[in-house]
Amino acid sequence: MNLEDDTKWLEWVAKQFESIAGEDKEINLEEFKAALKVKEASFTGRSFFAERFFALFDSDGSGTISLDELLEALKLLIHGSETDKLRFLFQVYDVDGSGAIDPDELRTVLKSCLKESCISLPEEKLDDLTMALFESADSDSSGCITFEELREELEHFPEVMENLTISAASWLKPPAVPRKSSPPRYLSQAYWHNNRSKLLFLGSYMCVNVLLFAQAALKHAGSGAWVRVAKGCGQCLNFNCTFVGVLMLRRCLTWLRATWVARVLPLDQNVVLHQLVGYMTAALAAIHTGAHLVNFMRMSQAQGSFRFWEFLLTTRPGIGWIYGTASITGLLLQLLVSLMLVCSSAFVRQSGHFEPDALPFHWQVFYWTHLSYIFIWTLLVIHGPNFWKWFVAPGFLFLSEKLLGAALSRFGALYIVEINLLPSKVTHLVIKRPPFFHYKPGDYVYLNIPAIAKYEWHPFTISSAPEQPGTLWLHVRSLGQWTNRLYEHFCQNRDLPDPRPECLDRRLGKKKGSQKGMQRYLAASPDLDDIVATNEDEMVEVLSCVPLGRPGWETGSISMSSGQEGVDAQSRGNQCYLDGPYGTPTRRIFTSEHAVLIGAGIGITPFASILQSIMCRYRMRKQASDRQSYAWGDSLKNEDMKLQKVDFIWINRDQTSFEWFVSLLTQLEISQADEDPGDRFLEMHLYMTSALSRNDMKAIGLQMALDLLAKKEKRDSITGLKTRTQPGRPDWNKLFQKLAEENKGKVHVFFCGSPALAKVIKAQCEQFNFRFFKEHF
């Protein structure tokens with residue numbers, strides 16, 4: 001900082017101090033804890049780091065921190081040299097002030113680090129971490145760590161010293177320097193290049209509307225201006241009211257994804273385009289209605305034969321091709337379109353539902369108002385003399401899709417043959433696969449479970465590989481009303497054990513004198529033995545695993561009869577229906593050269609199917625090959641796909657979110673065990689956002705210990721994988737720069753997760769000229 005910036009920063013700190021300090025202009029320990037956003041121990045109510053920082057800041061030992069003391073400490077941490085910062089860090093670890101850190105002090109620090117990073121590990125693992133760091137730092141084996149030894153140890157982790165901070169609390173940081181204004185990304189060359197198919201489609205769509213409007217307006221050139229506006233909008237509505245349904249022909253779009261059309265049209269953004277056409281329809285309808293209202297008012301004043309309300313609410317003027325009903329049907333259409341528009345907004349979709357106690361199912365405002373498209377199309381046929389001509393072909397396709405979907409989904413009731421309740425309230429459903437149910441990796445289905453809600457259908461990605469025989473998997477995260485009811489239904493009604501998490505023991509490294517741990521699998525069905533990833537040294541927590549079945553079912557041979565006689569109450573509870581499968585952007589993965597799969601939380605499910613499919617293809621090719629040496633890259637590049645490299649990035653908030661998918665990732669690592677680490681076909685990147693970053697003083701010791709123990713045991717202590725779990729969020733710029741430098745072909749990024757994160761990743765993709773694909777339901 002220069003002098004001016006330093007002055008501004010001091011003013012900022014003083015202002016923040018006043019907002020935290022009490023009337024005595026001093027900060028006590030409790031106020032300091034709140035400002036630092038530290039996590040207190042659940043039993044003692046104390047925070048090691050808050051108390052250590054407070055003690056070091058309180059230079060006069062008065063029990064409070066003054067503004068001068070705070071500024072002095074912050075100057076050291078922000079403007080001080082590396083030695084100053086290291087000295088402060090050493091004093092934090094040296095609890096008794098003896099000038100050296102003993103093992104007990106280090107263990108206390110690491111235990112607090114685990115708490116601050118929301119990581120839960122067994123006591124034995126904490127001991128291993130303590131000894132790994134202590135033995136590495138205590139170079140002279142004196143039984144304690146001196147300041148010089150700590151400095152030497154930190155030199156092995158240069159990235160830590162780049163920006164060593166005390167906390168993520170904003171009040172301890174200088175205000176961010178405002179960025180220089182830059183042109184909107186929508187005007188950048190990269191944006192237009194990466195979105196050319198979408199922009200070309202939108203341009204063509206607007207041209208069609210302009211041409212239709214002009215054609216209708218010219219046809220009525222002899223009429224008034226408002227008549228031309230109404231007729232022009234009406235002609236555009238004929239097109240838009242049919243096209244909005246075409247964009248939701250999921251089966252047709254799934255078929256088109258396998259053709260050259262997918263390279264020209266933005267089929268992957270059909271939902272976004274459907275919303276855009278919907279807004280366009282609502283706007284055209286409002287202008288069309290307004291123009292006719294002006295016409296009616298002028299006609300009532302000029303002719304005098306009919307009053308304004310007669311034009312509007314009666315059939316007497318004879319306007320319309322069916323009994324003069326154009327005005328009445330127009331008002332009804334305007335009402336229904338407005339209602340559908342309001343109920344499709346984000347705030348209604350997120351919270352707009354009500355539960356009448358008298359009704360056996362949940363009425364969802366968005367879903368039921370959207371069904372009014374049936375009435376809208378019916379009224380449009382009555383309202384406009386030319387609409388039926390536009391509607392014949394799309395209407396036939398739409399009706400065919402609905403009838404086909406209803407027939408396929410209701411042809412025979414399917415049954416959930418197994419349920420696994422996994423950590424983070426994830427429900428793993430194993431469903432008997434219908435005889436002619438063919439799908440691609442990453443496809444999704446609509447699921448209906450009458451025992452949960454008779455009329456509700458919800459989309460879920462199929463998490464099993466297409467090569468898996470007999471069954472298919474769905475992993476459902478309990479985030480909403482229906483998904484929570486699903487979890488509770490199988491938790492309460494199936495006599496399951498208490499679903500509270502047990503003590504997680506996933507210590508994958510063997511200790512001296514310890515025996516091999518018990519293996520627990522994600523699923524117990526014999527059909528899945530070749531698919532479910534396992535590892536003899538791994539313990540994966542399954543809160544409950546319940547094989548289910550109808551009376552008379554035999555293991556491995558499940559009847560798909562649709563007869564309802566003899567089905568008891570339990571089997572009715574396991575009954576379900578599927579509608580699909582439907583394609584997603586992830587179908588492009590196997591035709592990509594360098595695929596980057598990014599999943600956030602439960603958004604990993606489409607990639608679970610894809611990674612399993614890759615693993616299955618590798619196994620089948622390996623069994624069919626007579627060669628002794630077999631490489632991943634060779635095995636897959638010889639298939640009907642162009643993949644040269646796959647980078648798998650999984651971002652989770654906490655530790656438990658990793659657990660349900662660890663088994664598959666472990667098997668993928670085992671399959672590549674013989675490959676050169678620098679040239680692996682599949683590379684994994686795992687991030688835990690609740691963990692503090694490496695350069696935070698409250699986490700630096702823990703991250704060093706985790707790195708050392710991972711290097712020693714060749715396993716990550718958090719997940720048990722060989723891949724190290726990184727703390728915090730990815731540095732997208734740095735990560736994408738690395739991917740670009742690998743030169744493995746054109747990079748295609750596939751994302752499934754929150755819309756907010758999608759915007760960030762999409763902007764980065766535009767910067768590096770990567771193609772971006774997002775999962776849309």
Side-chain angles (χ1 to χ4, degrees), residues 195-249 252-253 256 261 264-267 269-296 298 319-322 325-327 329-338 340-341 344 372-399:
N195 295 273
R196 54 186 180 275
S197 61
K198 177 183 175 182
L199 295 172
L200 179 61
F201 175 85
L202 291 177
S204 302
Y205 168 74
M206 294 305 298
C207 288
V208 169
N209 279 280
V210 170
L211 290 174
L212 289 174
F213 185 94
Q215 181 266 335
L218 290 174
K219 187 177 180 180
H220 297 81
S223 305
W226 289 107
V227 174
R228 294 197 296 272
V229 170
K231 294 298 183 179
C233 290
Q235 186 74 321
C236 292
L237 283 168
N238 286 333
F239 166 66
N240 282 273
C241 288
T242 55
F243 189 54
V244 73
V246 170
L247 291 170
M248 298 308 292
L249 296 175
C252 292
L253 293 176
L256 287 174
V261 177
V264 179
L265 298 180
L267 301 180
Q269 303 188 52
N270 66 301
V271 175
V272 175
L273 296 175
H274 169 80
Q275 295 171 345
L276 177 64
V277 175
Y279 289 128
M280 184 72 168
T281 301
L284 289 170
I287 298 173
H288 178 76
T289 302
H292 273 311
L293 288 176
V294 174
N295 290 331
F296 292 159
R298 296 177 65 182
I319 300 174
W321 75 302
I322 298 181
T325 56
S327 299
T329 54
L331 290 176
L332 292 175
L333 284 167
Q334 183 63 56
L335 178 63
L336 290 174
V337 169
S338 301
M340 184 181 289
L341 178 67
S344 300
S372 63
Y373 71 81
I374 300 173
F375 303 104
I376 290 177
W377 280 339
T378 303
L379 288 171
L380 281 170
V381 172
I382 300 173
H383 178 79
N386 295 315
F387 177 75
W388 67 270
K389 301 174 185 177
W390 291 84
F391 185 68
V392 168
F396 175 77
L397 291 175
F398 191 89
L399 182 62

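We find the CG-SG distance between L284 and C241 to be 8.5 Å, quoted to the nearest 0.5 Å. Atom NE2 of residue H220 and atom CD of residue Q215 lie 9.0 Å apart, to the nearest 0.5 angstrom. Residue N209 holds its CG atom at 9.5 Å from CZ of F243, rounded to the nearest 0.5 Å. Between atom OG of residue S197 and atom CG of residue L202 there is a gap of 9.5 Å, rounded to the nearest 0.5 Å. Of the inter-residue distances, the one linking Q334 atom CD with L379 atom CG reads 12.5 Å to the nearest 0.5 angstrom. For the atom pair L253 CG and L247 CG, the distance stands at 7.5 Å (nearest 0.5 Å).
Under the 4.5 Å side-chain criterion, counting only non-hydrogen atoms from C-beta, N238 is in contact with Q235. The shortest side-chain heavy-atom distance between L336 and M340 does not fall under the 4.5 Å cut-off. In this structure, F296 and I319 have side chains that are in contact, with non-hydrogen atoms separated by less than 4.5 Å. Counting heavy atoms from C-beta on, the side chains of L333 and L380 come closer than 4.5 Å.
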Exercise for review: Give the C-alpha distance, both sets of side-chain angles, the deciding distance and a yes or no for side-chain contact (heavy atoms from CB on, under 4.5 Å) between L256 and L265.
Suggested key: CA-CA 10 Å; L256 287 174; L265 298 180; 6.0 Å; no
Practice item. Give the C-alpha distance, both sets of side-chain angles, the deciding distance and a yes or no for side-chain contact (heavy atoms from CB on, under 4.5 Å) between T329 and I322. Key: CA-CA 10 Å; T329 54; I322 298 181; over 6 Å; no
Point to revise | Trace of the side-chain contact (heavy atoms from CB on, under 4.5 Å) decision for K219 with K231 | key: CA-CA 9 Å; K219 187 177 180 180; K231 294 298 183 179; over 6 Å; no
Exercise for review: Take L335 and L331, measure what side-chain contact (heavy atoms from CB on, under 4.5 Å) needs, and give me the verdict at the end.
Suggested key: CA-CA 6 Å; L335 178 63; L331 290 176; over 6 Å; no
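When atom types are taken as modelled, the side chain of H292 and the backbone of H288 share no donor-acceptor pair closer than 3.5 angstrom.
For the side chain to side chain contact (heavy atoms under 4.5 Å, CB included) test, residues two or more places apart in sequence or in another chain that qualify with F391 are T242, W377, F387. In this structure H383 satisfies the ring-ring contact (aromatic ring centres under 6.0 Å, His included) test with no other residue, sequence neighbours excluded.
Screening V210, L273, N240, L200 against Y205 for a side-chain contact (heavy atoms from CB on, under 4.5 Å) leaves a single residue, N240.
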